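Remarks on the structure that follows.
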Amino acid sequence: MKPTVAPFPAARPRRLRSAPALRKLVRETTLTSDDLIWPVFVRDGDAIEEPIPSMPGVTRRSIDKVVDAAIEAQALGIPAICLFPYTDPALKTEDCAEAWSPDNLVNRAIRAIKSAAPDIAVMTDVALDPYNINGHDGYVVDGEIVNDETVEALVKMTVAQADAGADIIGPSDMMDGRIGAMRRALEAAGHRNVTILSYAAKYASAYYGPFRDAVGASGALKGDKKTYQMDPGNTDEALRMIERDLTEGADMVMIKPGLAYLDICQRVKSTFGAPTFAYQVSGEYAMIEAAAQNGWIDGERIMMESLMAFKRAGCDGVLTYYAPAAARLLNG
Ligand SMILES: NCC(=O)CCC(=O)O
């Protein structure tokens with residue numbers, strides 16, 4: 001589509017920018033609280049909100065405080081909350097059995113949220129790293145991250161989360177064949193309406209640094225995740241991953257990280273037209289917060305501008321640590 005533009009001065013594009021009402025009328029992209037998914041960190045204990053130094057303003061919450069966050073999200077019109085556990089190091093093992101324990105931190109949090117704030121969708125994370133003694137998303141055998149054995153564990157984790165009441169399963173592990181295996185297991189267990197939001201194009205990125213502090217995985221991780229997460233140089237591969245995951249039964253797809261990968265978001269949305277999300281990850285959040293704390297940028301305006309960029313690129317929504325702050329501004 002090529003817009004018709006009259007020659008100057010018949011056309012003065014500044015006319016439509018000359019007043020707030022006109023700017024509002026012609027704005028092409030909108031952001032609302034409906035577009036937000038709020039990632040929240042869960043830890044053990046009671047009445048705890050523990051700050052995460054590399055993510056100013058973000059905390060690890062005990063389950064009662066996660067429930068408060070869910071109630072707050074519901075009141076702010078945020079449709080979904082996404083849970084990430086800070087697992088007690090004593091529970092991390094080679095076999096990662098805590099990942100599918102019905103009473104692990106995440107599954108207890110899901111049940112608590114579902115009874116206190118039933119209208120909010122609860123999203124989970126499926127990967128072994130919070131439970132793995134070596135910090136990897138999959139099993140490590142002789143230095144290799146093994147695929148098929150990991151998928152079997154991820155399937156058990158998925159069904160345990162769905163049994164606890166999860167609405168959206170978020171596989172972030174990047175193993176091959178996991179979406180089909182999870183979908184078959186969910187169907188077999190009678191969880192026909194449990195959705196899968198696949199982290200389909202997840203890059204091996206340095207932007208995840210602060211998250212690993214938040215979930216206590218920084219120390220544990222040996223090596224890097226380049227044999228399963230994607231090379232930042234690749235675009236066509238992202239399209240192949242998205243197509244594969246949709247074909248295997250993903251309902252929604254995600255690109256991660258966000259701002260540095262907007263070209264991928266745009267291409268994915270225009271190629272497949274599927275519900276598409278981006279994750280504005282911890283490093284993106286930390287960079288904005290650090291510059292704002294130094295007085296170098298206007299943090300609030302950059303927050304809104306960065307979230308709008310995801311919508312403009314074609315995303316249906318964004319996972320962002322800014323969800324409550326942005327919703328407060330948008331609703332204000
Ligand atoms: N599965 C979640 C992550 O890997 C990291 C997200 C972040 O850096 O915020």
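Throughout, numbering of the chain's residues begins at 1 and tracks the sequence. Just the heavy atoms: all of them, side chains too, but no hydrogens, waters or symmetry mates, feed the values below. Model, not experiment: these values are computed from the prediction. Order of listing sets the numbers, starting from 1, for every ligand and every atom in it.
- Nearest to atom 3 (C) of ligand 1 among the protein's heavy atoms is K256 NZ, 2.5 Å.
- The protein heavy-atom contact nearest to atom 8 (O) of ligand 1 is S282 OG, 2.7 Å.
- Annotation for ligand 1: atoms under 4.0 Å from non-hydrogen atoms of D125 are 1 (N).
- With hydrogens and angles ignored, the 3.5 Å screen pairs a side-chain donor or acceptor of D64 with a backbone N or O of A47.
- In this structure, a donor-acceptor pair under 3.5 Å is present between the side chains of S306 and Q280.
- Every atom of ligand 1 with a heavy atom of Y279 under 4.0 Å away is listed here by number and element: 6 (C), 9 (O).
- Checking Y203 against E237 by side-chain atom types alone, no donor-acceptor pair falls below 3.5 Å.
- Using modelled atom types, one side-chain atom of R183 and one backbone atom of G249 make a donor-acceptor pair closer than 3.5 Å.
- Close contacts between ligand 1 and K202 involve ligand atoms 1 (N), 4 (O) [criterion: under 4.0 Å to a heavy atom].
- Proximity of a side-chain donor or acceptor of K156 to a complementary backbone N or O of V151 within less than 3.5 Å is not detected.
- When non-hydrogen atoms are compared, ligand 1 lies under 4.0 Å from the side chain of Y321 (C-beta onward) but not from its backbone.
- Remark: ligand 1 atoms within the under-4.0 Å shell around heavy atoms of V281 are 7 (C), 8 (O), 9 (O).
- Ion pairing between E300 and R328 fails under the 4.0 Å rule for side-chain N and carboxylate O.
- When each atom of ligand 1 is checked for a heavy atom of S172 under 4.0 Å away, the hits are 1 (N).
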